[in-house]
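Below is one structure, written out as structure tokens; the observations come after it.
Just the heavy atoms: all of them, side chains too, but no hydrogens, waters or symmetry mates, feed the values below. Given the structure is predicted, the values throughout are model-derived calculations rather than measurements. Order of appearance sets the numbers: ligands from 1, and atoms from 1 within every ligand.
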Amino acid sequence: MKALIFDLDGVIVFTDKFHYQAWKQMADEMGIYFDEQINNRLRGVSRMDSLEIILERYEGAPLSQQQKENLAEKKNEIYRNLLQTMTPSDVSDEVRETMKELRMRGYKLALGSSSKNAKFILEKVALSDAFDAISDGTNITKSKPDPEVFLKAAEYLNLPAGECLVVEDAYAGIDAAKAGMMLAAGIGEAENYDKTDYPIHSFGDLLKIAKPLR
Ligand code: B16
Ligand code: MG
């Protein structure tokens with residue numbers, strides 16, 4: 001293992017509450033039922049795929065592709081306004097110190113996020129320079145559970161997939177890592193997922209898995 005590829009939402013930061021608020025506002029305006037349980041199914045899933053899950057409860061006239069894109073755009077505007085409130089204090093000391101220590105131990109660090117807002121979020125929390133490579137929703141055509149986002153991260157790092165450990169909170173993300181023949185550490189919801197190679201309870205537990213390389 002020579003590198004770690006981190007998911008963003010649910011691992012480094014917790015933007016799921018903002019996703020929920022933004023989708024909820026959109027759903028309420030459309031008269032669509034939406035709750036936290038449905039929101040859980042959106043973890044790691046792309047914006048348009050998330051919209052399709054929400055629309056499972058939609059009972060109105062059929063929507064054109066353009067109307068769907070407008071809805072997703074509207075949600076994104078609400079979401080980005082909420083992201084504006086983020087500051088460096090939204091990343092824990094534990095996350096910052098663990099990443100620093102992993103780097104000291106000789107590991108390369110990459111981001112592997114489905115989000116098209118990933119770089120904006122990293123800027124808000126002052127982590128733009130923390131990664132050797134960034135793979136996000138802007139450079140992929142297929143969303144998790146497809147491995148594309150992680151395979152691209154490995155490619156950007158110039159490393160074979162088998163030398164990368166993916167750190168994920170979502171089932172879809174663990175599935176993506178395994179589909180890409182990568183090792184996967186699961187935190188949060190993914191801690192108890194049977195496909196997770198290394199269940200971790202807390203971010204700092206990564207230091208028990210990633211021993212010094214030099
Ligand atoms: P955006 P991750 C994912 O981030 C979120 O978990 C998921 O809820 C969201 O729909 C997706 O990003 C796309 O986000 O609308 O900003 O492009 O967990 O892969 O870092
Ligand atoms: Mg996530």
Taking atom NZ of K116 as the centre, report whether more than 12 heavy atoms of other residues, nucleotides or ligands fall under 6.0 Å from it.
no
Side-chain touch N139/Y156, heavy atoms, less than 4.5 angstrom
yes
Any heavy atom of E168 sitting closer than 4.0 Å to ligand 1?
no
Worked check of side chain to side chain contact (heavy atoms under 4.5 Å, CB included) between F131 and L122:
CA-CA 10 Å; F131 300 95; L122 292 181; 3.8 Å; yes
Looking only at side-chain N and O atoms, does N70 offer a donor or acceptor that is under 3.5 Å from a partner on Q66?
yes
Just jot down the ligand 1 atoms closer than 4.0 angstrom to any heavy atom of Y79, in number order.
16 (O)
Taking atom CD of Q37 as the centre, report whether more than 12 heavy atoms of other residues, nucleotides or ligands fall under 6.0 Å from it.
no
Taking the six-membered ring of Y79 as reference, does the cationic atom of K75 (NZ for Lys, CZ for Arg) lie under 6.0 Å from its centre and within 45° of its axis?
yes
Counting from 1 in the order shown, the ligand 1 atoms closer than 4.0 Å to a non-hydrogen atom of V45 are 7 (C), 9 (C), 10 (O), 11 (C), 13 (C)
Among side-chain atoms of T196 and E191, is any donor-acceptor pair under 3.5 angstrom?
no
Pick one of side chain, backbone, both or neither for how D16 approaches ligand 1, counting any non-hydrogen atom pair under 4.0 Å.
neither
Against heavy atoms of H19, which atoms of ligand 1 measure under 4.0 Å?
5 (C), 8 (O), 9 (C), 14 (O)
Below the 3.5 angstrom mark, is there an N/O of G112, backbone or side chain, next to an N/O of ligand 1?
no
With distance as the sole criterion, is a donor-acceptor pair present between the side chains of T15 and D9 under 3.5 Å?
yes
Option nearest atom 5 (C) of ligand 1 (shortest heavy-atom distance, choices D169, D9, I53)
D9
Under 4.0 Å from a heavy atom of L8: which atoms of ligand 1 are those, numbered in the order shown and with their elements?
20 (O)
Please list the nearest protein heavy atom to atom 2 (P) of ligand 1 with its residue and the distance rounded to 0.1 Å.
D7 OD1, 3.0 Å
Looking at ligand 1, does any of its N/O atoms fall within less than 3.5 Å of an N/O of N76?
no
Heavy atoms, side chains only, cut-off 4.5 Å: are Y58 and L63 in contact?
yes
Tell me, which protein residue and heavy-atom name are nearest atom 15 (O) of ligand 1, and how many Å apart are they?
R47 NE, 2.8 Å
Heavy-atom pairs closer than 4.0 Å: do any link ligand 1 to the side chain of S50, the backbone, both, or neither?
side chain
When you compare the side chain of L82 with that of K17, does any pair of heavy atoms fall below 4.5 Å?
no
Look at ligand 1 and say whether G44 reaches it with a heavy atom at a distance under 4.0 Å.
yes
Between Q21 and Q25, a side-chain donor and acceptor under 3.5 Å:
no
Heteroatom distance test (S113, ligand 1): nitrogen or oxygen, under 3.5 angstrom:
yes
Compute whether any side-chain donor of one residue and acceptor of the other, for D175 and Y193, lie under 3.5 angstrom apart.
yes
Which residues and atoms, counting only protein N, O or S, are under 2.8 Å from the Mg ion (ligand 2)?
D7 OD2, D9 O, D169 OD1
Go through the steps to decide whether N117 and N76 satisfy the test side chain to side chain donor-acceptor pair (under 3.5 Å), and finish with yes or no.
CA-CA 9 Å; N117 294 299; N76 194 48; 2.9 Å; yes
Heavy-atom nearest neighbour in the protein, as seen from atom 1 (P) of ligand 1, with distance rounded to 0.1 Å
S115 OG, 3.5 Å
Tell me whether R80 forms a cation-pi arrangement with F120, defined as NZ or CZ under 6.0 Å from the six-membered ring centre and within 45 degrees of its axis.
yes
Which atoms from ligand 1 have a heavy atom of L42 less than 4.0 Å away?
7 (C), 8 (O)
Need the ligand 1 atom indices (1-based, order shown) with element for anything under 4.0 Å from a heavy-atom of N117.
1 (P), 16 (O)
Location of contacts on K116 toward ligand 1, heavy atoms closer than 4.0 Å
both
Knowing that exactly one of I12, L8, T87, V91 qualifies, which makes a side-chain contact (heavy atoms from CB on, under 4.5 Å) with V125?
V91
